[in-house]
**Q** 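Starting off with a structure, shown below.
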Amino acid sequence: MSKIRVGVIGLGHGRRHIEGYREHPTAEVIAIADLDDERLDSVGREFGIADRYDAADALLARDDLDAVSICVPNKFHHDMTLTALGRGLHVLCEKPLAMDAAEATEMAETAAACDRRLTVNFAFRFTAEAQALKAQVAAGRLGGVYFARSVWHRRRFVPGFGGWFTRKQSSGGGAMIDIGVHRLDLALWLMDFPEPDWVLANHWDVLTAPLAEEAGIDFDVEDFAAATIRFKNGMMLAVEASWAANIKERELMETRLFGTHAGVVHRNVREGYEYKAELFFEDAGCDYDMRLSASGGPARSSMWHFIDSIENDATNPAPAEEAVRVQKIVDAIYESAESGRPVQVR
């Protein structure tokens, strides 16, 4: 069996990508790159990867790679992905796909023109619980979905406080484009990506901005955002995301769909990164609550699915075209929040 040879650029999130690739017998990570020499050497030693680069261009210049993971700050996703695609590589890009929908669209179109896969790391799709919920939706168990709500709130955790995460020029935004995009994608994926019409949104920095000012730290993004999305078929979705909120839980994640026959929920348990899926319905005057779990073995990572789609020429599990739809809604959320008015999704 020939190996699919992979490079990983950026070893913050990229370390988890290496772990994911190791699940698949066909994948082999043969090169890594990071600007931090200490992290580069540490990860290289941990996983036995000898070829290490302190510049992405040097890794991408190799002629023996089949695919690459791009796990760098958001502002570099566009250019680095286009370079990789131009080198004939399949690309797994961290979310969000790009800084805005214009960049994301160019990336998706370039991947199609190059006949390469461009997959986005929308990891929540690949939890066993999300896969079980998707099966219920596909089977028509919910009937007609008319409303959904998807949230990710943190009590207090601003990533990289003072680093690229909290600078709009590098990140494109704050909590919504960072963690909110995960729950937005999960809801849209479960809803089969209805066509959006308009968005009404707002965002705030009331908890974090004073702390940043006191510490002399750059912070020009939101720590809390909320939006209502109306779709052309009449469905609606409420989405919320925060890095800092006065709530009881350390981490609160929940995605709900309300249907005419049943409702479902995907939520985290014990304030952590384990999940629970449930189905709620009524039959013959009785209420039923059903715990769901996926059959067919353990859940596989997005890296496993990415490699499997390449090996078997299968459907892209999280294609760039869907990431573009997510990005257009995120763009509209920020535009509405800044303008104070509803915004059409273009």
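One-based numbering along the sequence shown. Quick caveat, the model's predicted, so the values are computed rather than measured. Excluded from the calculations below are hydrogen atoms, water molecules and symmetry mates; all remaining heavy atoms, backbone and side chain alike, are included.
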**Q** In Å and rounded to the nearest 0.5 Å, what is the CG to CG distance from L11 to D36?
**A**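 CG of D36 is found 8.5 Å from CG of L11.
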
**Q** If you measure from the Lys or Arg side-chain nitrogens to the Asp or Glu carboxylate oxygens, is any gap between D185 and R325 under 4.0 Å?
**A**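 Looking at D185 and R325, the cut-off is not met.
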
**Q** In terms of the angle between their ring planes, are H24 and W304 parallel, tilted or perpendicular, with boundaries placed at 30° and 60°?
**A**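 Taking W304 first and then H24, their aromatic rings sit tilted (interplane angle of 30° to 60°).
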
**Q** Counting only N and O atoms by type, is there a donor-acceptor contact under 3.5 Å from the side chain of R125 to the main-chain atoms of P317?
**A**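 Indeed, once roles are kept as given, a pair shorter than 3.5 Å links the two residues.
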
**Q** Kindly check if the number of other-residue, nucleotide or ligand heavy atoms within 6.0 Å of CD (E38) is above 12?
**A**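 Result for CD/E38: open.
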
**Q** Would you find more than 12 non-hydrogen atoms of other residues, nucleotides or ligands less than 6.0 Å from L35 atom CG?
**A**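 Count not over threshold, so no.
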
**Q** Can you tell if the side chain of Y53 reaches within under 4.5 Å of the side chain of I9, non-hydrogen atoms only?
**A**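 They are not in contact (no side-chain heavy atoms under 4.5 Å apart), so the answer is no.
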
**Q** Looking at side-chain heavy atoms only, is the closest gap between D331 and R346 below 4.5 Å?
**A**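 With C-beta onward as the side chain, the pair stays apart.
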
**Q** Applying the salt bridge (Lys or Arg N to Asp or Glu O under 4.0 Å) criterion to R52, which one of D34, D37, D41 satisfies it?
**A**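 Only match with R52 under salt bridge (Lys or Arg N to Asp or Glu O under 4.0 Å): D41.
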
**Q** Taking NZ, NE, NH1 and NH2 as the nitrogens, is one of them in D218 or R167 under 4.0 Å from a carboxylate oxygen of the other?
**A**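 Looking at D218 and R167, the cut-off is met.
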
**Q** In terms of relative ring orientation, are Y334 and H203 parallel, tilted or perpendicular, with 30° and 60° separating the classes?
**A**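 If you compare the ring of Y334 with that of H203, the planes turn out tilted.
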
**Q** Kindly compute the distance separating CG (L60) from CZ (R87), expressed to the nearest 0.5 Å.
**A**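 Result: 8.0 Å between the selected atoms.
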
**Q** Can a donor-acceptor pair be found, under 3.5 Å and without considering hydrogens, that links the side chain of E271 to the backbone of R250?
**A**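 Yes.
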
**Q** Tell me whether the guanidinium CZ or amine NZ of R183 lies under 6.0 angstrom from the six-membered ring centre of F124 and within 45° of its axis.
**A**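 Flagged: R183 positioned over aromatic ring of F124.
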
**Q** With a distance cut-off below 6.0 Å to the six-membered ring centre and an angular limit of 45° from the axis, does K134 pair with W189 as a cation-pi contact?
**A**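 Yes, K134 sits over the ring of W189.
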
**Q** For F47, does the six-membered ring have the charged nitrogen or CZ of R22 within the cation-pi criterion, i.e. under 6.0 angstrom from the centroid and within 45° of the normal?
**A**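 Verdict for F47: no cation-pi partner in R22.
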
**Q** Measure from the side-chain N and O atoms of K328 to the backbone N and O of A323, and report whether any donor-acceptor pair falls under 3.5 Å.
**A**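 No: the side chain of K328 does not pair with the backbone of A323.
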
**Q** Please check: side-chain N/O of R155 versus main-chain N/O of K248, any donor-acceptor pairing under 3.5 Å?
**A**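 Indeed, once roles are kept as given, a pair shorter than 3.5 Å links the two residues.
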
**Q** Would you say H90's side chain and A67's backbone share a donor-acceptor pair under 3.5 angstrom?
**A**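 Answer holds: no.
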
**Q** For side-chain hydrogen bond (donor to acceptor under 3.5 Å, both in side chains), just list the numbers for N316 and T119, CA-CA rounded to whole Å, side-chain angles, deciding distance to a tenth of an Å, and then say yes or no.
**A** CA-CA 7 Å; N316 192 331; T119 301; 2.8 Å; yes

**Q** With a cut-off of 6.0 Å (strictly less than), are more than 12 heavy atoms of other residues, nucleotides or ligands near CD of Q169?
**A**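 No, the 6.0 Å shell around CD holds no more than 12 heavy atoms from other groups.
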
**Q** Just by distance, no angles: are the side chains of E94 and H17 close enough, under 3.5 Å, to form a donor-acceptor pair?
**A**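 The answer is yes; a qualifying pair exists.
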
**Q** Just by distance, with hydrogens left out, do W152 and E251 show a side-chain donor and acceptor under 3.5 Å apart?
**A**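 Checked: W152/E251 side chains pair up, N/O donor to acceptor below 3.5 Å.
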
**Q** Which pair of heavy atoms, one from A245 and one from S242, lies closest together, and at what distance?
**A**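 Taking A245 first and S242 second, the nearest heavy atoms are CB-OG, 3.5 Å.
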
**Q** For G144, does its backbone N or O pair with a side-chain atom of T260 as donor and acceptor, under 3.5 Å?
**A**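 Checked: pair present.
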
**Q** With the side chain counted from C-beta on, respond yes when L142 and L279 share a heavy-atom pair under 4.5 Å apart, and no when they do not.
**A**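 Touching, per the 4.5 Å side-chain cut-off.
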
**Q** With distance as the sole test, does D197 use its side chain to make a donor-acceptor pair with the main-chain N or O of K232 at under 3.5 Å?
**A**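 No.
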
**Q** Using 0.5 Å steps for rounding, measure from the CD1 atom of I70 to the NE2 atom of H78.
**A**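 Going from CD1 on I70 over to NE2 on H78, the span is 11.5 Å.
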
**Q** Is any side-chain heavy atom of V199 closer than 4.5 Å to one of E335?
**A**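 Answer no - side chains too far apart.
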
**Q** How long is the gap from CE on M235 to OH on Y146, to the nearest 0.5 Å?
**A**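 Between atom CE of M235 and atom OH of Y146 there are 11.0 Å.
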
**Q** Quick one: are R256 and F147 in side-chain contact, heavy atoms under 4.5 Å?
**A**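 No - every pair of side-chain heavy atoms lies 4.5 Å or more apart.
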
**Q** Hey, is the main chain of E103 close enough, under 3.5 Å, to the side chain of D100 for a donor-acceptor pair?
**A**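 Yes.
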
**Q** Short question: side chain of D66, backbone of I4 - any donor-acceptor pair under 3.5 Å?
**A**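 Checked: no pair found.
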
**Q** OG of S69 to CG of N121: how many Å apart, nearest 0.5 Å?
**A**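 Answer for the OG-CG pair, S69 versus N121, is 7.5 Å.
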
**Q** Could you give the distance from CG (L237) to CZ (R230), rounded to the nearest 0.5 Å?
**A**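 CZ of R230 is found 13.0 Å from CG of L237.
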
**Q** Evaluate the side chain to side chain contact (heavy atoms under 4.5 Å, CB included) criterion for residues T127 and E274: first the C-alpha distance (whole Å), next the side-chain angles of each, then the deciding distance (0.1 Å), finally the verdict.
**A** CA-CA 9 Å; T127 64; E274 296 178 13; over 6 Å; no

**Q** Only one of V330, I179, I177, T255 forms a side chain to side chain contact (heavy atoms under 4.5 Å, CB included) with L184, so which one is it?
**A**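 Option passing the side chain to side chain contact (heavy atoms under 4.5 Å, CB included) with L184: V330.
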
**Q** Can you list the steps and then say if V265 with F280 is a side chain to side chain contact (heavy atoms under 4.5 Å, CB included)?
**A** CA-CA 9 Å; V265 65; F280 314 107; 3.7 Å; yes

**Q** Regarding E249 and H153, do their side chains bring together a donor and an acceptor under 3.5 Å, going by distance alone?
**A**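 Distance-only check fails for E249 and H153.
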
**Q** Pair Y21, I307 - check side chain to side chain contact (heavy atoms under 4.5 Å, CB included), show working.
**A** CA-CA 8 Å; Y21 286 123; I307 294 297; 3.7 Å; yes

**Q** Report yes if some heavy atom in the side chain of T81 is under 4.5 Å from a heavy atom in the side chain of T110; otherwise report no.
**A**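 Not touching, per the 4.5 Å side-chain cut-off.
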
**Q** I'd like to know if R62 and D51 make a salt bridge, using a cut-off of under 4.0 Å between side-chain N and carboxylate O.
**A**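 Yes, R62 and D51 are salt-bridged.
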
**Q** Hey, is E278 close enough to R291 for a salt bridge, meaning N to O under 4.0 Å?
**A**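 Result for this pair is no, no salt bridge flagged.
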
**Q** Look only at the side chain of Q327 and the backbone of A98, and say whether a donor-acceptor pair between them is shorter than 3.5 Å.
**A**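 Yes, the answer is positive, given that a donor and an acceptor are paired below the 3.5 Å cut-off.
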
**Q** Does L186 belong to the same Ile/Leu/Val/Met/Phe/Trp/Tyr cluster as L92, with side-chain heavy atoms less than 4.5 Å apart forming each link?
**A**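 No, it is not one cluster - the side chains of L186 and L92 are not joined through contacts under 4.5 Å.
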
